[in-house]
Amino acid sequence: MTKRIATWNINSVRLRLPLVERFLKEHNPDVLCLQEIKCRQAEFPSSAFTALGYSHIALNGQKGYHGVATVSRLPIADMSTREFCEKGDARHIAATFAPGILQRDETVLHNFYIPAGGDIPDRELNEKFAHKLDFLDELTAWTMSHNLARENAILAGDLNIAPLETDVWSHKALLKIVSHTPVEVERMKRLIEAGPWVDAMRTMVPEPERLYTWWSYRAANWELANKGRRLDHIWLSQRLAPSLKSMTILKDARGWDRPSDHVPVIVDLED
DNA sequence: ATGGTTGGGGTCCAA
């Protein structure tokens with residue numbers, strides 16, 4: 001048996017609950033990490049998830065903005081959140097799975113929503129960009145305080161950076177666009193090396209094949225223009241990397257009725 | 001170069 005983990009920036013879980021239900025029914029993940037739930041804890045539609053068998057829910061909500069939730073049909077032994085940059089934003093939730101549940105050994109799944117960073121890629125002119133860079137630095141320091149060669153850890157979520165040239169529709173056109181600037185890409189590289197984390201998507205589909213998980217709402221025809229970016233990621237600790245069996249980007253979901261601008265990313269891990 | 005769309009909460013901000 002394999003275990004299936006998925007991540008999806010849902011852009012309002014209440015508005016798009018029917019889409020989440022469809023995804024769970026059609027793709028049967030064991031655990032789903034959601035970002036941008038855009039609701040407080042008490043407003044999260046828990047009963048709809050429980051009805052589909054996802055009765056274990058780790059939640060870090062916030063009114064109106066951001067917010068992350070990890071829903072699971074496997075029992076969650078422990079959950080915790082860490083506040084980054086002392087901003088009070090709900091951008092992280094960790095769920096711990098006891099030995100024998102997700103993997104033979106204890107496994108921690110970190111669900112992240114990294115700040116988008118605003119429009120101007122200059123930390124002096126744009127406080128949101130400064131926040132994004134500071135968040136990445138804090139995450140790098142946090143990663144270095146772990147021994148990922150010996151831990152089973154997964155980092156999934158909307159990281160709001162497309163690190164490789166083939167993670168965007170045009171490397172040249174996006175060099176000054178927040179999400180693909182050299183300063184962000186450099187910081188993400190440092191973060192990956194700090195683990196080191198293993199990029200599950202690129203392990204299964206190496207460059208130069210293009211991979212996108214997000215298509216802007218602002219394009220008249222997202223599919224025809226295909227100006228995508230790979231903003232969503234699933235990373236594995238080195239110890240967990242050999243378990244990786246497959247990876248899927250559910251591009252179809254971008255064409256569903258009233259879609260999120262992000263699509264689900266799915267990995268299967270041998271347990 | 002510019003502007004394009006969406007969601008939440010309230011008459012604008014974040015993405």
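Residue numbers start from 1 in every chain, and the chains themselves are labelled A, B, ... in the order their sequence lines are given, proteins ahead of strands.
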Is the closest side-chain heavy-atom distance between A/Thr181 and A/Phe129 below 4.5 Å? yes
Mind checking A/Arg40 for me? I need base, sugar-phosphate or nothing, with any heavy atom below 4.0 Å counting as a touch. nothing
Have a look at A/Arg91 and say if it touches a base, only the backbone sugar-phosphate, or nothing, with a 4.0 Å heavy-atom cut-off. sugar-phosphate
Comparing A/Arg14 with A/Arg218, nearest DNA chain B nucleotide closer to 5' gives the residue A/Arg14
Of A/Ile37 and A/His66, the one whose nearest nucleotide on DNA chain B sits closer to the 5' end is A/Ile37
Aromatic ring centroids of A/His110 and A/Trp197 under 6.0 Å? no
Close approaches to DNA chain B from residues 111-136 of chain A, in residue order (heavy atom, under 4.0 Å): A/Tyr113, A/Ala116, A/Lys128
Of A/Thr213, A/Val267, A/Asp167, the residue whose pairing with A/Met201 passes side-chain contact (heavy atoms from CB on, under 4.5 Å): A/Thr213
[N] to [M] separation - [atom1] atoms, rounded to the nearest Å:
N      : M      : atom1 : answer
B/dC13 : B/dG9  : P     : 16 Å
B/dA14 : B/dG10 : P     : 14 Å
B/dT2  : B/dT6  : P     : 23 Å
B/dA15 : B/dG4  : C1'   : 14 Å

Using only heavy-atom distances, determine whether the side chains of A/Gln103 and A/Asn152 contain a donor-acceptor pair under 3.5 Å. no
Just by distance, no angles: are the side chains of A/Asp30 and A/Tyr54 close enough, under 3.5 Å, to form a donor-acceptor pair? no
Go through DNA chain B in 5' to 3' direction and return only the first and the last nucleotide with some atom under 4.0 Å of chain A's heavy atoms. B/dG4 to B/dA15
Out of A/Tyr217, A/Trp169, A/Trp215, which residue meets the ring pair (Phe, Tyr, Trp, His ring centres under 6.0 Å) rule with A/Trp222? A/Trp215
In sequence, state the C-alpha distance, the side-chain angles, and the governing distance for A/Glu184 and A/Ser179, and then conclude on side-chain hydrogen bond (donor to acceptor under 3.5 Å, both in side chains). CA-CA 7 Å; A/Glu184 293 167 84; A/Ser179 73; 5.7 Å; no
Is the ring pair A/Tyr113/A/His66 parallel, tilted or perpendicular, if the boundaries are 30 and 60 degrees? tilted
Looking at A/Thr107 and A/Asp105, would you say the former's side chain and the latter's main chain have a donor-acceptor pair under 3.5 Å? yes
